[in-house]
Each structure stands twice: as structure tokens, then as C-alpha cells.
Amino acid sequence: MEVRVRYAPSPTGLQHIGGVRTALFNYFFARANGGKFILRVEDTDQERYSDESLQDLYDTLSWLGIAWDEGPVVGGPCGPYVQSERFDLYKKYAEQLVADGKAYYCYCTPERLDALRAEQQAAKSEQQGYDRHCINLTEEQRKEYESQGLKPVIRLKVPMEGKTTFHDVLMGDITRRNRDVSPDPVLLKSDGFPTYHLANVIDDHMMGITHIMRAQEWIPSGPLHVILYEAFGWEPPLYCHLPMVMGKDGQKLSKRHGSTSVRDFRTKGYLPEALMNYVSMVGWSYDGQREFFTKEELEQVFTLEKINKAPGVFDYKKLDWFNGQYIRQKSDEDLTALLLPYMQEAGFVTLPLTETQQRKMAELVPVVKERLKVLSDVVDLSRFLFEEPTYEDLSLFVAKGASPDIALTALTEAYEVLKTGFSQGLDHEQIEAQISELAVKLGTKVNGVFMPLRVAITGSAVSLPLFDSIHLLGQEKTFARIETALALLRSEVR
Ligand code: GLU
Ligand code: ZN
């Protein structure tokens with residue numbers, strides 16, 4: 001049997017980490033089994049639908065390099081793959097269920113249903129939900145309602161007795177008493193729109209889906225879906241509900257933890273291969289050891305059995321580390337191309353680069369490569385090359401444990417060491433050793449001397465390595481900045 005799986009997002013928001021992980025697991029599972037990966041757009045909720053979300057879905061998958069075998073744009077034998085284009089089908093099948101006695105028309109008005117709900121709540125009655133008022137309407141009663149201009153919904157007859165079991169590859173059998181399944185859910189609304197349950201079940205069947213991998217939050221819908229499959233006389237697919245993605249605090253991953261939309265990660269400069277690799281390790285592992293995989297490798301080795309039962313932890317720091325590793329694997333040339341948009345946006349360079357800018361980039365990229373966690377870090381790390389520091393915050397000059405006095409003396413003397421060192425042609429190690437000795441002499445930590453120097457040269461307490469910075473900036477500018485900083489510090493200390 002050919003494996004056929006699908007990712008079935010609702011375009012009602014930006015693609016987020018959890019959704020993309022579902023997409024990746026489905027995609028890798030299809031590839032590893034020589035099957036098909038299908039994209040289906042579940043846009044039945046017209047109120048929450050947005051074009052922007054749909055575009056974001058396409059952009060995200062194409063940025064990650066996930067191609068779908070069947071779906072919107074590419075088409076396929078079970079199309080259309082957009083639910084709003086399949087409404088006739090849902091209507092036909094819902095009416096079929098009515099004809100088979102598995103569903104029925106209900107003419108209850110919203111007012112009646114509201115009143116019912118209020119009554120049930122007031123009475124704290126055990127019976128919650130629809131009261132099956134219309135389950136046995138006669139043809140005359142129906143005609144009467146129709147003549148009043150009422151439009152019916154179609155409701156599924158949930159069996160009142162018995163139990164329903166569905167099997168989940170990870171969780172095993174999940175059984176629920178039918179009378180605990182919320183009674184008689186609407187399948188087709190009065191405006192002809194299907195509900196999620198109806199459209200989802202019909203499409204999974206019609207599209208020949210063999211395995212359903214989706215978020216665990218859908219488990220409560222499982223029994224209802226199985227009842228629907230039974231009503232149609234169809235075989236349900238295999239279920240594999242994926243454990244939740246949570247933050248380090250054990251709560252479901254959300255905006256409280258940081259960015260969750262893939263678009264944000266992309267804007268900050270995470271590489272698609274890093275994000276894909278890391279997200280695939282959230283709740284899945286190969287052998288508990290190896291963590292680095294290319295997309296092609298995951299397409300080979302992915303298996304359902306290695307999905308963890310426990311929720312997966314999304315660790316932002318770990319992702320940063322992964323991203324840094326992937327950045328360092330880039331050639332200087334490729335990395336330059338990736339960094340330029342950020343530098344252009346910061347106003348540091350113009351495109352196409354001038355010759356001077358090209359030379360500067362060629363020097364900068366290998367140095368900055370070792371320091372980047374995300375591509376956008378390049379802006380703060382290279383700002384000193386393109387803008388004069390303003391030294392607004394003089395406290396930056398004073399390292400922890402030092403004083404403004406020490407900072408001033410340290411900078412004054414370090415400047416002398418630098419000038420003499422360079423004029424004598426000493427190498428970095430020698431000059432660095434002399435600066436470290438200065439710290440001993442002044443009775444401060446090494447940073448007590450290096451910090452004022454770093455801040456004078458780059459305007460920031462976080463920078464590229466000191467001698468790389470000096471080299472990139474050039475001696476002349478370096479010395480001029482130190483003098484400016486010295487003058488400022490002197491006026492402050494006095
Ligand atoms: N449209 C649903 C969602 O957005 C699909 C759930 C499913 O995979 O069955 O999560
Ligand atoms: Zn009714």
C-alpha cells in the first residue's frame with residue numbers, strides 16, 4: 001500500500017513552529033516510505049481566513065524546500081486541494097448520510113439553541129449540548145419549517161450506546177463512551193458550509209490518506225471522526241497524534257516564549273536548513289545521540305517509531321547554536337550573499353557593492369562568520385565599520401570591578417602600548433601580552449583594560465575580537481577613535 005500523508009493547515013495565521021514540525025514529519029515520512037506528501041488547504045472558516053496566511057504557508061514551505069507532490073498549484077488526481085473549492089462534494093456526502101439514516105436535518109434556530117444552553121447551565125444538568133430535538137422530524141414537520149423560510153443544518157447521529165475506539169500509533173487504543181461524545185455535531189451548516197469534521201474526514205478518505213499525523217490537540221476529535229468514518233462505511237486511516245511542542249517551562253510553546261512564527265525566524269536570519277534540522281529534533285530522535293541531519297538524510301531515516309511520546313521542548317538557545325553551526329559551514333561567498341540584505345537595510349552598503357565595499361566585505365565576512373548566531377547579528381557586529389561611535393553611555397568604558405579612573409588610566413597606557421607596538425612591528429600576541437601586563441600593574445582584571453579599548457574602538461561592549469576590529473578599521477581610524485574617547489573620559493573623570 002502506498003503511503004499517502006497530508007499537511008492540512010487552516011490559513012488563519014502565520015505558519016508557526018508546531019505547524020511546520022507537523023509538515024516536516026509528514027513530509028519526511030512520505031519520502032522515507034516512497035509515498036506521497038499532500039498539501040491541503042482547510043479554508044472552511046471564512047471569517048478567520050486571510051490571503052496573507054495562505055501566502056505565508058506557500059512562502060514558508062518553499063523557503064524550507066518542502067515540495068508537495070499533490071496540492072494547490074501543482075494539482076494532482078484528487079483535486080481540488082483547497083476545501084472552499086469542494087463544497088459541492090461535502091454537501092453531497094452530508095445528504096447521503098441523511099438518506100442512509102446516519103444524519104438528519106435540524107431546523108433549530110440560534111435562539112432556541114441559546115435558550116437550551118442557558119437552561120442546561122442553570123440546571124447544571126449532566127446532559128450538555130444539543131438535545132436531538134429534530135432527530136425524528138416527519139416530512140410534514142420539515143415542510144412546515146421550510147415554508148417558514150428556515151434553512152436546516154445537517155447533524156450526525158452519534159450512537160447513544162456503546163463505545164468508540166480509535167487506534168493511535170503512539171498512544172495505543174483510545175476509547176470513549178459514545179454518550180460522552182458531544183451529541184450530534186453539525187456537519188453541514190445552514191449556509192451550505194461544511195464544518196471542519198465533515199470536510200476533514202471526507203477529504204482524508206477521498207484523497208486516500210493512509211496515516212494522519214497531526215497535533216495532539218486533535219485527539220478529542222478522534223472518536224467523532226471514527227464514528228463519521230463508520231457512518232460512511234469507510235475505513236479510518238492510521239492515526240499518529242504528535243506530542244505537543246512546549247517551551248522550557250513545560251507550557252505549550254507560545255508567543256510568551258519568544259517568536260513562534262517561521263516568518264520571524266526567517267527575518268532574524270535563521271537558515272532554513274538549521275531551522276529544519278532543529279525542529280525535526282523536537283520530539284523525534286534518531287538514536288538519542290546524533291543531531292545533525294541534512295534534509296536528504298532525514299528523507300531517508302525518518303520513522304514514526306522514533307517519535308517521542310513525551311512533549312518536545314523547543315529550546316531557543318539550542319536553535320541559536322544549531323544556526324551558528326550551519327552559518328560556519330557556509331563558504332565566505334555564500335555567507336556574503338546572505339548577509340548583504342541585512343547590511344543594505346542597515347544602510348551600511350549599497351547594492352551593487354562598490355569596489356571599496358567589496359574589499360571591506362571580503363575582510364569582514366571571515367571574521368564575523370565565527371561570531372554570528374543569526375544573520376542579523378552582522379548589523380551590530382559591523383556597525384563600527386560604517387558609523388562613528390557616539391559614546392553616549394560612558395559607563396560602558398568601565399569594566400566590572402574597575403572604576404572610571406582605572407578606565408582612563410588603562411586606556412591612556414594601552415594606547416601608548418598599541419602605538420609603540422605597531423611602530424615597532426610587534427605582532428598581536430606580543431601587544432596583547434603587554435596589555436595584559438598593564439592590567440596587573442593597574443591592579444585590575446584583564447577586561448579592565450580591554451573593555452575601554454574595545455568600547456573606544458567599536459563603541460560597543462560586544463564586538464569582534466579586538467585585533468580583528470583594529471585590522472578592519474585601520475590604524476589611523478583606530479587611533480583617532482581612541483583619542484576621541486580619551487578626551488571624553490578625561491572631561492568626565494575630572
Ligand atoms: N485544519 C486543521 C488544522 O489546522 C487540520 C487538522 C488535521 O490535521 O486534521 O490544524
Ligand atoms: Zn434541531
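Note: hydrogens, waters and symmetry copies are ignored here, and every other heavy atom, side chains too, is used. Residues take their numbers from the sequence shown, with the count starting at 1. Counting convention: from 1, in listed order, for ligands and their atoms alike.
Relative to the ring axis of Tyr286, Lys306 places its NZ or CZ within 45° and under 6.0 Å from the centre. By the 6.0 Å and 45° rule, Lys360 stacks over the aromatic ring of Phe386.
Ring-centre distance between Phe314 and Tyr278: below the 6.0 Å cut-off.
The shortest N or O to N or O distance between Ala8 and ligand 1 is below 3.5 Å.
Side-chain contact between Phe232 and Ile202: present, with at least one pair of heavy atoms (C-beta onward) separated by less than 4.5 Å.
Taking 2.8 Å as the criterion, His133 does not count as a coordinating residue of the Zn ion (ligand 2), since none of its N, O or S atoms falls below it. Among the atoms of Tyr107, none of the N, O or S atoms falls under 2.8 Å from the Zn ion (ligand 2).
Looking from atom 1 (N) of ligand 1 to the surrounding protein, the closest heavy atom is Glu42 OE1, 2.6 Å. Closest to atom 10 (O) of ligand 1, if we only count protein heavy atoms, is Trp218 NE1, 3.3 Å.
For Tyr196, the heavy-atom gap to ligand 1 drops under 4.0 angstrom. Assignment of Arg6 to the shell around ligand 1 is supported, since a heavy atom sits closer than 4.0 Å.
The SG atom of Cys108 and the SG atom of Cys106 subtend an angle of 110° at the Zn ion (ligand 2), given to the nearest 10 degrees. Draw a line from the Zn ion (ligand 2) to OH of Tyr130 and another to SG of Cys134, and the angle between them is 110° (to 10°).
One finds a salt bridge joining Asp380 and Arg383 here, because a Lys/Arg side-chain nitrogen approaches an Asp/Glu carboxylate oxygen to under 4.0 Å. Using a 4.0 Å cut-off between a side-chain N of Lys or Arg and a carboxylate O of Asp or Glu, Lys91 and Asp88 do not qualify as a salt bridge.
For CD of Glu296, the number of neighbouring non-hydrogen atoms (other residues, nucleotides, ligands) closer than 6.0 Å is greater than 12.
Residue Asn200 touches ligand 1 through its side chain alone, judged by heavy-atom distances below 4.0 Å.
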